[in-house]
Amino acid sequence: DTTAPVITCPANSMAPDGCDGPATVPDLRAQAVASDNCGGVTITQSPAPGTPFTGSIDVTLTATDACQNSASCTTRVDQVARLGNRIWFDLDHNGIQNDGETGVPNVTIELVDNNGQTVGSTTTDGDGLHQFCVNPGTYCVRVVASTLPSGYRITLLNQTTVDLDSSADPLTGLTEKVTLVAGDNN
């Protein structure tokens, strides 16, 4: 027999990990479908399951039959993107994170998709940090002002560089939309 097997790859997918660092290639062999008239088809994968990656990676699945004929297909695996920031006590009300201004814990942050729908929420940790792990796409976040400590409000918008100022609109609590690709950390 000289006829190669027929193999169909699974659809492009997201890695099940990778929010807190590199993702790892999942084992896709059981998701591939292979057939052959010679029988005894074995499916191998490259790169191997467990291989770390960032961003996106192409995974090649190869079906080899008992007669040593083979065929391959390729699918893409994407790492999640990360979207997060810090909510802080702006003691001097200048819209800029200065030394000594501590984070605000337990503030509700909502993840909003490109259609304006709330698709997730989290609360800030003890240092005022929050993070969402998301599929690539366009998002913004909303600071839920009613969850700020009593007497506090959202500070001035866009007073300096992105990393040191407030990105939330004081009236709506919404940040500007950002488009994330696989592996982004914004």
Side-chain angles (χ1 to χ4, degrees), residues 11-26 47 49-59 75-186:
N12 294 343
S13 60
M14 298 299 299
D17 60 1
C19 188
D20 295 321
T24 55
V25 174
T51 301
F53 74 96
T54 55
S56 298
I57 192 167
D58 288 333
V59 177
T75 188
R76 186 184 74 239
V77 178
D78 292 326
Q79 180 184 19
V80 294
R82 297 176 298 268
L83 179 60
N85 208 317
R86 180 173 184 254
I87 305 298
W88 82 100
F89 288 111
D90 189 12
L91 299 175
D92 57 5
H93 308 287
N94 68 352
I96 300 170
Q97 293 184 57
N98 299 304
D99 290 340
E101 293 182 329
T102 60
V104 183
N106 302 316
V107 176
T108 300
I109 308 296
E110 295 177 335
L111 178 67
V112 179
D113 70 11
N114 198 36
N115 297 317
Q117 299 298 309
T118 300
V119 294
S121 69
T122 190
T123 55
T124 57
D125 67 13
D127 294 321
L129 299 172
H130 62 87
Q131 177 175 275
F132 292 98
C133 295
V134 298
N135 291 338
T138 301
Y139 302 92
C140 65
V141 297
R142 177 184 300 116
V143 177
V144 179
S146 63
T147 64
L148 290 169
S150 179
Y152 284 85
R153 65 183 187 283
I154 297 171
T155 192
L156 302 173
L157 176 66
N158 295 332
Q159 298 300 299
T160 187
T161 65
V162 173
D163 292 339
L164 295 176
D165 71 355
S166 175
S167 300
D169 184 299
L171 298 177
T172 65
L174 288 168
T175 64
E176 292 182 6
K177 291 181 181 180
V178 59
T179 299
L180 302 169
V181 298
D184 269 354
N185 186 7
N186 185 311

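When reading the values below, keep in mind they use all heavy atoms of this one structure, side chains included, and skip hydrogens, waters and symmetry mates.
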With side chains defined as the heavy atoms from C-beta onward, is the minimum distance between [X] and [Y] less than 4.5 Å?
X: V107; Y: V143; answer: yes
X: V134; Y: Y139; answer: yes
X: T75; Y: S13; answer: no
X: Q131; Y: D20; answer: yes
X: R142; Y: S121; answer: no
X: F53; Y: P47; answer: no

- Just checking, any donor-acceptor pair under 3.5 angstrom between side chains of N106 and T123? no
- Task: Report the C-alpha distance between V80 and M14 in whole Å, list the side-chain angles of each, state the deciding distance to 0.1 Å, and finish with yes or no for side-chain contact (heavy atoms from CB on, under 4.5 Å).
- Result: CA-CA 7 Å; V80 294; M14 298 299 299; 3.9 Å; yes
- Query: Does CD in E176 sit with more than 12 non-hydrogen atoms of other residues, nucleotides or ligands closer than 6.0 Å?
  - Reply: no
Write down the atom of [X], the atom of [Y], and the distance for their closest heavy-atom approach.
X: P136; Y: A182; value: CG-N, 3.5 Å
X: L174; Y: C140; value: CD2-SG, 3.8 Å
X: P105; Y: T124; value: C-OG1, 3.2 Å
X: F132; Y: G120; value: CE2-C, 4.0 Å
X: N94; Y: D92; value: OD1-OD1, 2.9 Å
X: L180; Y: A81; value: CB-CB, 3.7 Å

Under 3.5 Å donor-acceptor, [X] side chain and [Y] backbone:
X: E110; Y: T118; value: no
X: D90; Y: G95; value: yes
X: N115; Y: Q117; value: no
X: D17; Y: T24; value: yes

- Test side-chain contact (heavy atoms from CB on, under 4.5 Å) applied to I87 and I109, step by step: CA-CA 10 Å; I87 305 298; I109 308 296; 3.9 Å; yes
What is the distance from atom [atom1] of [X] to atom [atom2] of [Y], rounded to the nearest 0.5 Å?
X: D165; Y: L156; atom1: CG; atom2: CG; value: 10.0 Å
X: L164; Y: R86; atom1: CG; atom2: CZ; value: 10.0 Å
X: I96; Y: N158; atom1: CD1; atom2: CG; value: 11.0 Å
X: T122; Y: L111; atom1: OG1; atom2: CG; value: 10.0 Å
X: T108; Y: L148; atom1: OG1; atom2: CG; value: 9.5 Å
X: H130; Y: N85; atom1: NE2; atom2: CG; value: 5.0 Å

- Message: Against V59, only a single residue in N12, T51, V77 fulfils side chain to side chain contact (heavy atoms under 4.5 Å, CB included); can you say which?
- Response: V77
- Derivation and outcome, side-chain contact (heavy atoms from CB on, under 4.5 Å), residues S166 and Q159: CA-CA 7 Å; S166 175; Q159 298 300 299; over 6 Å; no
- Task: Go through the steps for I154 and D169 under the test side-chain contact (heavy atoms from CB on, under 4.5 Å), then give the verdict.
- Result: CA-CA 7 Å; I154 297 171; D169 184 299; over 6 Å; no
- Task: Taking salt bridge (charged side-chain N to carboxylate O under 4.0 Å, His left out) as the test, write out the residues that go with E101, two or more places apart.
- Result: none
